[in-house]
Amino acid sequence: MVVARCWQQWITEGRVYRRGGSGRPRNTNDREDRAIRRVATSAPTTSLASIQRHLPPSRHPVPSRETIRRRLTEVGLRSRRLLRRLSLTPHHRQCRLDFFFADLGQLGV
């Protein structure tokens, strides 16, 4: 049926246009997409949750974290969160310093 309709339009009008509207509608608009990109590029170490909190209020529901991840992936970005490390206790710091100075002593420095 699609081919027949395209052929008929080609014969009568000399052109063929694709009809829009197929597929699932996007749940974010262009303005929200730009806001997501702006937040992600202004602070590259933000998490998806913080990007979600910093989006301007709109009449649409807040996009999910998965939607934000998809929008960033579409433009070649991603949310980068700093790695969390346990802070060293004073005992661990002292052991590390002792090891460092022991290595210097072995090298003859």
Side-chain angles (χ1 to χ4, degrees):
M1 189 65 192
V2 174
V3 175
R5 188 172 47 241
C6 289
W7 180 253
Q8 186 62 35
Q9 187 178 14
W10 177 258
I11 291 174
T12 58
E13 301 174 16
R15 61 180 180 219
V16 177
Y17 288 120
R18 292 185 63 196
R19 289 188 181 180
S22 62
R24 185 169 184 228
R26 293 173 61 109
N27 57 357
T28 59
N29 57 21
D30 291 336
R31 176 178 282 175
E32 290 171 340
D33 291 346
R34 283 193 305 270
I36 290 170
R37 287 192 303 264
R38 185 174 48 247
V39 171
T41 54
S42 64
T45 58
T46 57
S47 65
L48 293 172
S50 63
I51 291 173
Q52 191 177 29
R53 283 191 303 270
H54 285 89
L55 289 178
S58 65
R59 57 187 189 89
H60 299 291
V62 177
S64 68
R65 292 178 189 166
E66 190 61 37
T67 300
I68 293 172
R69 179 180 290 125
R70 272 191 234 109
R71 298 301 176 257
L72 292 176
T73 305
E74 285 175 1
V75 294
L77 296 173
R78 63 175 200 227
S79 69
R80 294 175 294 273
R81 197 168 43 179
L82 293 175
L83 292 175
R84 292 185 182 172
R85 295 189 325 188
L86 295 174
S87 59
L88 293 178
T89 62
H91 176 71
H92 287 114
R93 282 189 217 116
Q94 186 60 41
C95 290
R96 188 174 279 182
L97 286 174
D98 291 343
F99 183 73
F100 175 72
F101 288 119
D103 282 347
L104 288 178
Q106 289 177 355
L107 293 173
V109 179

Distance from [X] atom [atom1] to [Y] atom [atom2], nearest 0.5 Å?
X	Y	atom1	atom2	result
Ile36	Arg69	CD1	CZ	12.5 Å
Arg71	Thr73	CZ	OG1	10.0 Å
His54	Thr46	NE2	OG1	8.5 Å
Arg31	Leu55	CZ	CG	13.0 Å

Checklist entry - Are Val39 and Val75 connected, step by step, through hydrophobic side chains (Ile, Leu, Val, Met, Phe, Trp, Tyr) whose heavy atoms are closer than 4.5 Å? => result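 In one cluster: yes.
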
Checklist entry - Which heavy-atom pair separates Leu72 from Arg37 by the least distance, and what is that distance? => result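 Closest approach of Leu72 to Arg37, heavy atoms only: CD2-CA, 4.5 Å.
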
Item to check | Minimum heavy-atom distance Gln52-Pro63, with the two atoms named | outcome: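 Heavy-atom minimum between the residues: NE2-O, 2.9 Å.
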
Checklist entry - side-chain hydrogen bond (donor to acceptor under 3.5 Å, both in side chains) with Gln8: which residues, sequence neighbours excluded? => result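 side-chain hydrogen bond (donor to acceptor under 3.5 Å, both in side chains) check on Gln8 returns nothing, list empty.
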
